[in-house]
Amino acid sequence: MDKLILIDGNGIIYRAFFAMPPLTNSSGVHTNAVYGFTNMLLRLIEEEKPTHILVAFDAGKVTFRHEGYQDYKGTRQKTPPELSEQFPLMKELLQAFGIAQYELEGYEADDIIGTVTKLAEQENRQVIVVTGDKDMLQLASDHIKIALTRKGVTEIEMYGPEQVMERYGLTPSQITDLKGLMGDTSDNIPGVPGVGEKTALKLLHQYGSVEELLAHTDELKGKLKENIETHAESARMSKQLATIYRDVPLTQTWEHMKFSGLQADTAVPALRKLEFKSLLERLSLVTSGEAEVSEQDIPAEELNVKIVTEQNMHELEGALSQIDVLHVETHGDNPHQASIVGIIMSSPEEQFYIPIELLKSDSGRKVAEWFADSKISKRGYDLHRTDLALHWHGITFAGASFDVQLAAYLLDPTEANQEISDLARKYGLPSLPLDEDVFGKGAKYKVPSEDVLTVHLARKAAALRKIISKQEEELRSNEMNRLFYDMEMPLSRILADMEKQGISVHKDDLRALGKEFEEQLDKLVQQIYEIAETEFNINSPKQLGEILFDKLGLPVIKKTKTGYSTDAEVLEKLAPYHDIVQFILQYRQLAKLQSTYVEGLLKEIRPETGKVHTYYRQTIAATGRLSSQFPNLQNIPIRLEEGRKIRKVFVPSEPGWYILAADYSQIELRVLAHISDDERLKEAFLHDMDIHTKTAMDVFGVKAEEVDANMRRSAKAVNFGIVYGISDYGLSQNLNIPRKEAARFIEQYFEVFQGVRRYMDEIVKEAKRDGYVKTLLERRRYLPDINASNFNLRSFAERTAMNTPIQGTAADIIKLAMIQMDQALQDHRLKSRMLLQVHDELVFEVPEDELETMKKLVPETMEKALPLSVPLKAEVSYGVNWYEAK
DNA sequence: GCACGGTCG
DNA sequence: CAAAACGACCGTGCT
């Protein structure tokens, strides 16, 4: 028999909010009401096993128009933002649960419930109405039970007509009479003064209804008689007000309310997102079908995994054409130095574990050829790392066609480090033991026995196959196929090539530079100790703070969480007070160069090649940018001359070759001009004007020749601010001016660049509506805090909404340029090699006879990478080292 | 492992 | 009023 659970959405979430202790997820969004609601919901599903569920909401976005729920507090009050931010979360969760929700403009949840129960009545269906509002008892009947929440929402009490009679001695329909007499202050139902529940019940037991009572007021006496006669109209009206409307023009049919059990693949990720761990555990009790087994590991026998030896190698060779998933387990953060722990080659029917030594040996030749064949497509997790690790073990890897890690990154670039087990859980697949549990963590890392290892890797491969089909669907529905298959996948191979190639570092010159720094540092240290009249660790901000502020009594400009701030900004301000400060600033600068760029870089040079091989990570930056590690070659000094010298040690790897570098000019502002479609900004770039000068002219309303250095500097800061998601405070800090003045600049900017203002407004609105923002090429970034009540979180999300499409589109563009450049080098049969990417810059090493070609080809390719409504501009230069390529 | 500070785009 | 620019990595000190 059908059973419908009908929930008063607003009422329950409101009660849950006040009943539950405050609860926030790790990013500070309140979730307590959603938690309470969900807890109750899961319990009801378990206990009542409904076939249909509908959650009714008041129409309108955040305003409570309905009154019934507010008897809790006794007075009307505005919905706190901590609660209103939970409505979208709740609705999203219901959707993930496959539970119908309904709201209709101009009607309250009560009205919808009244109407649905009326229809159910007519069709002989069973309904449980879940509400905190006693008024609803009027709906009780043989078919309709009212589940009244008590103590918030954790307990419910079920009312049929008998229970109503037991409790009040009234029939359900008399509940309206009761309200008519006693009223309800929170609902603005006046009732009759002086009549409370007791009197009202007594009168109703005697007369049955408001009408009947009013017809017999002559039988009453004293004050009561007077009150009732005076307020007879109020009593009638109050009864009317308390009567639930039951004729809403519904568009939702019975079929829409159907509930066929929670589906783990959507419910699990939704609960995980909310960080409801205890509910996740309960979920297995109420999910249907497949999900029942989802908590279990796949039994080892079912994996059908074979360990490959010289003897049975032919079996693997025979199955090669069936292998559709590959997993290479590596150990070590740096893939250029990673060990290979194990390799699983997996087909839907059987899986093969092949030891790396066997693969390297003569007997493994055929399999190694399979790995190297770019025409054979390989699917797996982090194939970029796989490629590098295998490369340094002498195995060529080619033909990557689907990388699960990369797909997971595109589907949610902010979710950090999504391991295979995390993804299996996300998609409700059979669970995997954690790597941490199999191998141990950090220093305790240990490769388990071959049996254990083999089974673990086979489980991973089996999970990958299923994850891939889920991701294929998700990529397609997010319209990310082009981004994935035509951009990130091909780029992954190009990055690996660049990294394997590496860039030569002139070790002796670097050591010599270190020597120079050393001598200067020694002098500075002595001078600092002398002035301080004591020796201390200058590298310790704590000790330095004590010297500057306690001992020397300099004014405290800024504090950190743990004590005095001693950063460069503070020291600059302190410089006029004391000579020591200049020395400390110089010390800091040199110490940084020495430790990070001389010593750090020296450690990363491979003795065999004299090169550094960075590792570009494609799945870290939330905006779509690359990051660089071991060493980071994206933050080599350039702004100050002392540091810039470091660039002299980056040299071509072949004699007579050159380093050639090309960088995009103002790519982010050009992107902004395109996506905001701002006429003024577009015009500036169409005429290739100096954008900061042009901004100064427009903002300050002066001619080009009237723009002084200071105006240009301010305009430049404003342009940066615009790209970062402007705030008057941020600008005021940057320019060291009062906030009000910064606010004026911004206002003037927006007056002129109205298209930019429109873009900023629109993108934030879009983010609030969709929960994410996109780049030109459909790269997404979710912004869960965009509707947060916490000002900080919300503001941050808003700035991110403004910045990400800009920074992200710029990242898209240079990635396209790299792919096209890689192709161009092949097409032109050039020996030149692409070595580095630094966000808006590409660095090559080029033989002399290709210089002329490359000087044209590189900027042209970069400029054509993605046609926009404004031209892209790339500037090229070259020299005998990276320093000279300026 | 976290806090701080500094380097880049 | 609050609190603040966007995105990264890495070395040192200290718990």
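Protein chains get the first letters and strands the later ones, always in sequence-line order, with residue 1 at the start of each.
- Comparing C:dA5, B:dG5, C:dC6 by their closest approach to the side chain of A:Phe796 singles out C:dC6.
- Side-chain atoms of A:Gln807 come within donor-acceptor range of the base of C:dC6, with a qualifying N/O pair under 3.5 Å.
- Side-chain atoms of A:Asn539 lie closest to C:dG13 of the nucleotides C:dC9, B:dT7, C:dG13.
- The listed nucleotides are B:dC8, C:dA4, C:dA8; the one nearest the side chain of A:Ser727 is C:dA4.
- A salt bridge links A:Lys774 to A:Glu778: one of the charged nitrogens lies within less than 4.0 Å of a carboxylate oxygen.
- Comment: A:Asp761 does not engage A:Arg757 in a salt bridge, judged by the lack of any side-chain N to carboxylate O separation of less than 4.0 angstrom.
- The gap from the P atom of C:dA5 to that of B:dG6 amounts to 15 Å, rounded to the nearest Å.
- Within 4.0 Å of A:Asn537, counting heavy atoms only, lie sugar-phosphate atoms of the nucleic acid but no base atom.
- Taking the ring axis of A:Tyr772 as reference, the NZ or CZ atom of A:Arg780 stays within 45° of it and closer than 6.0 Å to the ring centre.
- A salt bridge between A:Asp567 and A:Lys573 is absent, with no side-chain N of the basic residue lying under 4.0 Å from a carboxylate O of the acidic one.
- Closest to the side chain of A:Asn734, out of C:dA5, C:dC14, C:dG7, is C:dA5.
- At whole-Å resolution of the value, CG in A:Leu548 and P in B:dC4 are 16 Å apart.
- Of the candidates C:dC6, C:dG13, B:dG5, the closest approach to any side-chain atom of A:Thr566 belongs to B:dG5.
- Nucleotide C:dA5 holds its P atom 14 Å from the CZ atom of A:Arg739, rounded to whole Å.
- Remark: the separation of the P atoms in B:dA3 and C:dA4 is 15 Å, to the nearest Å.
- Comparing C:dA5, B:dC4, B:dG6 by their nearest atom to the side chain of A:Thr560 picks out B:dC4.
- For A:Gln594 and B:dT7, the CD to P distance is 14 Å, given to the nearest whole Å.
- Atom NZ in A:Lys561 sits about 12 Å away from atom P in B:dG5, given to the nearest Å.
- Spacing between atom CG of A:Asn790 and atom P of C:dC1 amounts to 18 Å, rounded to whole angstrom units.
- Between the CD atom of A:Glu798 and the P atom of C:dA3 there is a distance of 17 Å, given to the nearest Å.
- Looking at A:Arg712 and A:Asp690, a side-chain N of the basic residue comes within less than 4.0 Å of a carboxylate O on the acidic one, giving a salt bridge.
- Summarising the geometry, the separation between CZ on A:Arg794 and C1' on C:dA4 is reported as 13 Å, rounded to the nearest angstrom.
- In terms of polar N and O atoms assigned as donor or acceptor, the side chain of A:Arg625 comes within less than 3.5 Å of the base of B:dG9 in a complementary pairing.
- Checked for salt-bridge contact, A:Glu488 and A:Arg779 meet the test: a charged N lies under 4.0 Å from a carboxylate O.
- Here A:Tyr729 packs flat against the base of C:dA4; its ring centre is closer than 5.5 angstrom to the base's six-membered ring, tilted by less than 30 degrees.
- Backbone-only engagement by A:Ala568 is indicated by non-hydrogen atom pairs under 4.0 Å involving sugar-phosphate atoms exclusively.
- For A:Ser627, the listed nucleotide lying nearest its side chain is C:dA8; candidates were C:dA3, C:dA8, B:dG5.
- In the set C:dT12, C:dG7, C:dA5, C:dA5 carries the atom at the smallest distance from any side-chain atom of A:Tyr724.
- When distances are taken from the side chain of A:Thr562 to each of B:dT7, B:dA3, C:dA8, the shortest belongs to B:dA3.
- Among the nucleotides B:dC8, C:dG7, C:dA3, the one closest to the side chain of A:Phe791 is C:dA3.
- Distance A:Tyr597 OH to C:dT12 P: 13 Å, rounded to the nearest Å.
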